[in-house]
A.B. asks: 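Below is the structure I would like to discuss, written out as structure tokens.
Residue numbers start from 1 in every chain, and the chains themselves are labelled A, B, ... in the order their sequence lines are given, proteins ahead of strands.
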Amino acid sequence: MIELGYIREHPDEVRQALVNLHTEAPIDEILALDERRRALLAEVEALRAERNRVSKEVPRTKDPHQKREMIEAMRAVGERISELEDELAPVQARLDEALLEVPNMPHPSVPVGPDESHNVVVRTVGDPPTMAFQPKPHWELGEELGLIDFYRGVKISGSRFYLLRGGAARLQRALIAWMIDVHVREHGYEEVYPPYLVRRECLYGTAQLPKFAENQYFDSEDDLWLIPTAEVPVTNMYREEILAEEQLPIYHVAYSACFRREKMSAGRDTRGIKRGHQFDKVEMVKFVHPDTSMDELMRLLDNAEDICRQLELPYRVVQMCTGDLSFSAAVKYDIELWAMGCQEWLEVSSCSNFMDFQARRANIRFRPADGGKPQYVHTLNGSGLALPRLMIAILENYQRDDGTIGVPEAIRPYMGGQTELP
RNA sequence: GGAGAGGUCGCAUAGUCCGGCCGAGUGCGCACGAUUGGAAAUCGUGUAGGCGCAAGCCUCGCGGGUUCAAAUCCCGCCCUCUCCGCCA
């Protein structure tokens, strides 16, 4: 959430940001509600001050007549306060709601552009493997080698579900364990295992709600929501907390299953395992001092790239332009792996700096070491990495002319020394 | 799921029966100061958050109600703990 005072004082900058983001938000409504709210608040607070003052006098007043008059007068004041409060409540409620619909402001360094065609390829690392044969897409490899069972996935759970079998299931499990270990051992993260079902407030904290409700699965009976990413439970670990400055920065890495209804992407990527309703991901989350968050973003991105480098997969880093920025990110870099079979760049990681946007929503603060007022932390996160697309890249890029698939060196110790699939 | 106990300012607690002197006492912790060659001990002062230029307003798990006035009374909800039941 961005600060109400900022909208009030810089409405034109906010409007321009929305234009650059190619989105809309109820700014005019917010300004009108805010004005109304402040007027009502001034009135109601003056009355409350009077009531508080007189009510304190009441027990000290000896004269019964005077006492009765004071009580009568305050009864009238009380009624007026109630009226004003009834008027204020819906204004405040709608204002709170509207503020949650305003996206984060893009960082000044973000290139301005209408859509993904204006994203900037920052660097390309590694070369696609040379193959003396026609590489196959993973859905063919997966079926031929008995590694991916689409038919039964659909039978069990419907479209966009599949099963990994045998070596593929093992490979995924090995990748998860290995990636977590790399981030813990080499990059300084603390591993956490979070809940997959969270309360609704958490989704507000990380900004999946209120705007993206249609993409979430939830249990209406208990109002518990399935996480679309470990970002949600992990970022919310410190919601409503005031951390000590010395605790920062906090780095967490978490593996979780992720659940997405994909309502907004219905019909896209229906082939293969690129986009499912359930997938696994290793996620990195950081809580940092505001002064350091841009540096921290670069390191986070490098941590994610390190996985690609160690797996010897060709990738590129793309900076999102304003038009392709997500709702809550101020800056975002994607990492895309090149897949030989389907001949496309696959997004395996999104590394974002949210600045204080999520911290405001989730009320995550720190107390400066000099003892000053609590300040909002900056939060960041990045995939490190998402499994299905990583699996695609490995299956397609490590396929060999004899029909087998090589296991990347780095993973072999986690596969009991196994060197090829199936 | 059943029975009981409880959620108060970093932590621990007092206050709740009998509403006002309680936005809130005490201890610990922490900060600063005094004392000291230095330290311990001791003493003193300070020490929750939000809104507001300020006066002031709001917050004692959350929401609602009663009242001139609610931490305190009433209703609903959430969470924690203990015991019982059930269970990977």
A.B. asks: Determine whether Y414(A) and D181(A) satisfy the following criterion, side chain to side chain donor-acceptor pair (under 3.5 Å), listing intermediate values before the conclusion.
C.D. replies: CA-CA 11 Å; Y414(A) 287 76; D181(A) 284 350; 2.7 Å; yes
A.B. asks: Is a donor from one side chain sitting under 3.5 angstrom from an acceptor on the other, for T404(A) and R400(A)?
C.D. replies: yes
A.B. asks: Pick the closest RNA chain B nucleotide for I242(A) and for E45(A) by heavy atoms, then say which residue is nearer the 5' end.
C.D. replies: I242(A)
A.B. asks: Take atom C1' in G49(B) and the same atom in G37(B), then report the distance between them in whole Å.
C.D. replies: 44 Å
A.B. asks: Can a side-chain donor-acceptor contact be found between Y189(A) and N303(A) if the only test is distance below 3.5 angstrom?
C.D. replies: yes
A.B. asks: Grab the CD-P distance between E9(A) and C53(B) for me, whole Å please.
C.D. replies: 9 Å
A.B. asks: For the pair made of CG in L47(A) and C1' in A69(B), what is the distance, rounded to whole Å?
C.D. replies: 16 Å
A.B. asks: Looking at A71(B), which nucleotide sits across from it as a Watson-Crick or G-U wobble partner, both distances under 3.5 angstrom, or is there none?
C.D. replies: none
A.B. asks: Could you tell me which nucleotide pairs with G76(B) by Watson-Crick or G-U wobble geometry, both distances under 3.5 Å, or answer none if nothing does?
C.D. replies: C62(B)
A.B. asks: Over all strands shown, is R68(A) touching base, sugar-phosphate only, or nothing at heavy-atom distances under 4.0 angstrom?
C.D. replies: nothing
A.B. asks: For atom C1', what is the distance between C75(B) and C53(B), given to the nearest Å?
C.D. replies: 41 Å
A.B. asks: Could you measure between the two C1' atoms, the one in U45(B) and the one in C62(B), and give it in whole Å?
C.D. replies: 36 Å
A.B. asks: Using whole Å, what does the distance between atom P of nucleotide G52(B) and atom CD of E35(A) come to?
C.D. replies: 16 Å
A.B. asks: Please state how far atom CD in E201(A) lies from atom P in C77(B), giving the value in whole angstrom units.
C.D. replies: 17 Å
A.B. asks: Which whole-number value in Å describes the distance from D34(A) CG to C51(B) P?
C.D. replies: 13 Å
A.B. asks: Quantified in whole Å, what is the C1' atom distance between nucleotide C78(B) and nucleotide G61(B)?
C.D. replies: 8 Å
A.B. asks: What nucleotide, of C79(B), G56(B), A69(B), holds the atom closest to the side chain of A49(A)?
C.D. replies: G56(B)
A.B. asks: Please report the distance separating the P of A24(B) from the corresponding atom of A41(B), rounded so that it comes out in whole Å.
C.D. replies: 30 Å
A.B. asks: Taking atom P in both G25(B) and G15(B), compute the distance separating them and give it to the nearest angstrom.
C.D. replies: 15 Å
A.B. asks: Specify the closest pair of heavy atoms between A168(A) and L164(A), including all atoms of both residues, with the distance to one decimal.
C.D. replies: O-CD1, 4.1 Å
A.B. asks: Counting only side-chain nitrogens and oxygens, does R75(A) get under 4.0 Å of the OP1 or OP2 atom of A69(B)?
C.D. replies: no
A.B. asks: Searching all strands shown, indicate the nucleotide that pairs with C32(B) (Watson-Crick or G-U wobble; both distances under 3.5 Å).
C.D. replies: G44(B)
A.B. asks: Are a donor atom and an acceptor atom from the side chains of D306(A) and H187(A) found within less than 3.5 Å of each other?
C.D. replies: yes
A.B. asks: Using side chain to side chain contact (heavy atoms under 4.5 Å, CB included), reason through F150(A) and I273(A) one step at a time and then give a plain yes or no.
C.D. replies: CA-CA 9 Å; F150(A) 294 102; I273(A) 64 171; 3.7 Å; yes
A.B. asks: Give a yes-or-no answer on whether the side chains of E231(A) and T206(A) include a donor-acceptor pair shorter than 3.5 Å.
C.D. replies: no
A.B. asks: Please report the distance, rounded to the nearest Å, between CD in E43(A) and C1' in A55(B).
C.D. replies: 17 Å
A.B. asks: For G4(B), what is the paired nucleotide under Watson-Crick or G-U wobble rules, both distances under 3.5 Å?
C.D. replies: C81(B)
A.B. asks: Parallel, tilted or perpendicular: which fits the ring planes of Y238(A) and H252(A), with parallel below 30° and perpendicular above 60°?
C.D. replies: parallel
A.B. asks: Could you identify the nucleotide paired to C18(B), looking across every strand shown and requiring Watson-Crick or G-U wobble geometry with both distances under 3.5 Å?
C.D. replies: none
A.B. asks: Mind checking R53(A) for me? I need base, sugar-phosphate or nothing, with any heavy atom below 4.0 Å counting as a touch.
C.D. replies: nothing
A.B. asks: Using the P atom in both, what is the distance from A14(B) to C73(B), to the nearest Å?
C.D. replies: 16 Å
A.B. asks: C51(B) P sits how many Å from E3(A) CD, rounded?
C.D. replies: 8 Å
A.B. asks: Report which part of the nucleic acid R8(A) touches: base, sugar-phosphate, or nothing (heavy-atom distance under 4.0 Å, all strands).
C.D. replies: sugar-phosphate
A.B. asks: In whole Å, I'd like the distance from the CZ atom of R60(A) to the C1' atom of C21(B).
C.D. replies: 8 Å
A.B. asks: Taking the side chain of R48(A) as its heavy atoms from C-beta onward, which of C58(B), C79(B), A48(B) lies nearest to it?
C.D. replies: C58(B)
A.B. asks: For C87(B), what is the paired nucleotide under Watson-Crick or G-U wobble rules, both distances under 3.5 Å?
C.D. replies: none
A.B. asks: What does A55(B) pair with, Watson-Crick or G-U, if both distances are under 3.5 Å?
C.D. replies: none
A.B. asks: Restricting to non-hydrogen atoms, name the atom on A98(A) and the atom on P26(A) that form the minimum distance, rounded to 0.1 Å.
C.D. replies: CB-CG, 3.9 Å
A.B. asks: Expressed in whole Å, how much space separates the C1' atoms belonging to C11(B) and G4(B)?
C.D. replies: 27 Å
A.B. asks: Using purine N1 to pyrimidine N3 plus N6-O4 or O6-N4 for Watson-Crick, or N1-O2 and O6-N3 for G-U wobble, both under 3.5 Å, which nucleotide pairs with A12(B)?
C.D. replies: U26(B)
A.B. asks: Looking only at side-chain N and O atoms, does N52(A) come under 4.0 Å of OP1 or OP2 in A69(B)?
C.D. replies: no
A.B. asks: Would E143(A) and Y151(A) count as a side chain to side chain donor-acceptor pair (under 3.5 Å) if you check the C-alpha gap in whole Å, the side-chain angles of each, and the deciding distance to 0.1 Å?
C.D. replies: CA-CA 10 Å; E143(A) 290 207 302; Y151(A) 170 74; over 6 Å; no
A.B. asks: Report each atom pair, protein N/O against N/O of nucleotides 18-20 of chain B, whose distance is under 3.5 angstrom.
C.D. replies:
{"unit_1": "G20(B)", "atom_1": "N2", "unit_2": "S55(A)", "atom_2": "O", "d": "2.7"}

